[in-house]
Asker: 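Could you have a look at this structure, given as structure tokens, before my questions?
Letters A, B, ... are given to chains in the order of the sequence lines, protein chains preceding strands, and every chain is numbered from 1.
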Number of protein chains: 2
Amino acid sequence: MTSSRPRTAKGARGDLFDPACPTRRLLDRIGTKWTSMAVKVLAEASPHEVRFAELRRRMPGVSQKMLSATLQSLTRDGLVSRRVEPTVPPRVHYRLTDLGLSLEGALATVRAWAEEHMAEIDRANLAHTDG
Amino acid sequence: MTSSRPRTAKGARGDLFDPACPTRRLLDRIGTKWTSMAVKVLAEASPHEVRFAELRRRMPGVSQKMLSATLQSLTRDGLVSRRVEPTVPPRVHYRLTDLGLSLEGALATVRAWAEEHMAEIDRANLAHTDG
DNA sequence: CCGAATCCCATGAGATACTG
DNA sequence: CAGTATCTCATGGGATTCGG
């Protein structure tokens with residue numbers, strides 16, 4: 001989930017581009033398979049919390065392992081807050097933080113572009129396939 | 001570069017889940033390591049064309065293999081146009097299409113968010129590491 | 001100069017089984 | 001219920017080399 005650090009990270013000085021480019025690092029995060037969907041589902045529920053199982057139900061296809069990993073990553077990044085009810089069995093509730101909500105704004109833009117334009121990309125691919 | 005299709009499509013019907021979610025598919029594209037940078041560099045040059053070698057120079061760290069693959073992918077997707085001067089040696093020029101330019105708009109939003117907020121994410125991570 | 005072909009490793013992610 | 005631990009495999013992507 002973490003890095004794709006340049007193993008070739010020699011002593012080179014990178015202006016704005018190189019090692020810690022914020023955009024690359026953000027894309028590494030939202031590019032992982034379930035992250036954007038989790039953010040979306042949590043955003044739709046916001047400001048209410050959502051439990052693990054409920055989240056899982058709303059994300060068809062996700063395994064508990066990947067959901068767990070995704071939520072941990074989001075939590076470490078401060079995008080999601082986690083609240084545990086110390087019952088037996090425990091209940092764990094998740095909610096977007098303000099930072100997470102703000103990210104959802106950016107993601108909404110991406111989603112809008114995708115829904116508007118992916119069909120054109122598909123057409124372009126067909127044109128190259130059969131031509 | 002192409003698909004992240006259900007490789008686990010074992011004996012079971014694995015493609016029952018939204019195999020075509022436009023957002024996922026877009027993220028699979030812009031999430032690859034060099035795509036967003038290529039789009040950015042081409043956008044900055046737009047409406048002028050940029051040659052392969054020049055592109056490579058403006059994308060520190062990219063290998064010719066990955067640049068080639070990235071540009072092919074973008075070209076197939078109709079985001080970039082490719083023009084070959086039939087000289088010896090050949091010169092190949094790349095330019096964003098209108099679709100590519102429109103994608104750059106969405107990417108600009110992501111970039112803006114990243115530059116504004118990645119520091120907060122870093123702080124959150126530190127807080128979890130030591131804090 | 002541009003790109004194809006190989007080789008190779010690190011990683012994302014699914015399946016499955018176990019724990020408090 | 002929520003999360004962890006293994007195993008396994010496919011893929012992204014870097015290095016290098018060859019071709020036109």
Side-chain angles (χ1 to χ4, degrees), chain A residues 1-10 12 18-19 24-25 27-38 49-57 59-76 80 82-94, chain B residues 1-17 19 24 27-38 49-57 59-76 80 82-94:
Chain A
M1 209 71 160
T2 33
S3 61
S4 58
R5 225 69 320 270
R7 4 56 157 58
T8 319
K10 296 263 127 174
D18 277 86
R24 247 285 30 88
R25 289 177 40 236
L27 286 171
D28 282 345
R29 285 167 162 79
I30 65 181
T32 60
K33 187 159 182 184
W34 299 104
T35 299
S36 59
M37 195 189 293
E49 298 177 314
V50 186
R51 289 185 54 187
F52 187 91
E54 176 61 19
L55 220 45
R56 204 180 160 187
R57 239 169 289 126
M59 295 170 60
V62 74
S63 66
Q64 85 289 55
K65 174 195 162 183
M66 287 316 297
L67 180 53
S68 185
T70 301
L71 290 168
Q72 278 180 34
S73 191
L74 287 168
T75 303
R76 274 197 313 276
V80 160
R82 183 179 189 272
R83 183 172 70 82
V84 183
E85 266 186 273
T87 57
V88 180
R91 299 165 169 211
V92 187
H93 306 257
Y94 294 92
Chain B
M1 210 68 157
T2 33
S3 60
S4 60
R5 259 346 51 210
R7 59 317 206 83
T8 318
K10 287 271 160 185
R13 63 290 175 170
D15 44 59
L16 289 175
F17 301 119
R24 249 280 34 86
L27 287 171
D28 283 345
R29 286 167 162 79
I30 65 182
T32 60
K33 186 162 182 183
W34 300 104
T35 299
S36 58
M37 196 189 291
E49 297 177 314
V50 186
R51 289 186 53 189
F52 187 91
E54 176 61 20
L55 220 47
R56 203 181 161 185
R57 238 170 290 125
M59 295 169 60
V62 74
S63 66
Q64 86 290 51
K65 174 195 162 181
M66 287 317 295
L67 180 54
S68 185
T70 302
L71 290 169
Q72 278 180 35
S73 191
L74 287 168
T75 302
R76 274 198 314 276
V80 161
R82 183 179 188 270
R83 183 172 69 84
V84 182
E85 266 187 275
T87 59
V88 180
R91 300 165 169 210
V92 187
H93 305 260
Y94 295 91

Asker: Below the 4.0 Å mark, does D/dG13 have OP1 or OP2 next to a side-chain nitrogen or oxygen of B/Ser63?
Answerer: no
Asker: Output all residues satisfying side chain to side chain contact (heavy atoms under 4.5 Å, CB included) with A/Glu85, sequence neighbours left out; order by chain, then residue number.
Answerer: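 By the side chain to side chain contact (heavy atoms under 4.5 Å, CB included) rule, A/Glu85 matches A/Arg83, A/Thr87, A/Arg91, A/His93.
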Asker: Starting at CE of B/Met66 and ending at C1' of D/dG14, how long is that distance when rounded to a whole Å?
Answerer: 9 Å
Asker: Who are the side chain to side chain contact (heavy atoms under 4.5 Å, CB included) partners of A/Thr75, not counting sequence neighbours?
Answerer: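 Checked A/Thr75 against side chain to side chain contact (heavy atoms under 4.5 Å, CB included); matches are A/Val80, A/Arg82, A/Tyr94, B/His128.
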Asker: Does B/Lys65 put a side-chain nitrogen or oxygen below 4.0 Å from OP1 or OP2 of C/dC2?
Answerer: no
Asker: Rounded to 10°, tell me the angle between the two end axes of the helix from C/dC1-D/dG20 to C/dG20-D/dC1, each built from five pairs.
Answerer: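 Inter-axis angle at the ends, rounded: 40°.
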Asker: Check the distance between C/dC2's C1' and B/Arg57's CZ and give it to me in whole angstrom.
Answerer: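 Checked: the CZ to C1' distance equals 13 Å.
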Asker: Nearest-Å distance, CD (A/Glu49) to C1' (D/dC1)?
Answerer: 16 Å
Asker: Whole-Å distance between C/dT11 P and A/Asp28 CG?
Answerer: 12 Å
Asker: A/Pro90 and A/Arg51: which non-hydrogen atoms are nearest, and at how many Å?
Answerer: O-NH2, 4.4 Å
Asker: In whole angstroms, how far is the P atom of C/dA13 from the CG atom of A/Leu71?
Answerer: 14 Å
Asker: Does a side-chain N or O from B/Arg82 land closer than 4.0 Å to OP1 or OP2 of C/dG3, or not?
Answerer: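 Answer yes for this pair, as a side-chain N or O of B/Arg82 is under 4.0 Å from OP1 or OP2.
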Asker: For nucleotides 17-20 of chain D, list the nitrogen or oxygen atoms of the protein found under 3.5 Å from its nitrogen or oxygen atoms, one pair per line.
Answerer:
| unit_1 | atom_1 | unit_2 | atom_2 | d |
| --- | --- | --- | --- | --- |
| D/dT17 | O4 | B/Gln64 | NE2 | 3.2 |

Asker: Please name all residues satisfying salt bridge (Lys or Arg N to Asp or Glu O under 4.0 Å) with A/Arg57, sequence neighbours left out, ordered by chain then number.
Answerer: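 Testing A/Arg57 for salt bridge (Lys or Arg N to Asp or Glu O under 4.0 Å), a comparison that skips the adjacent residues, returns A/Glu54.
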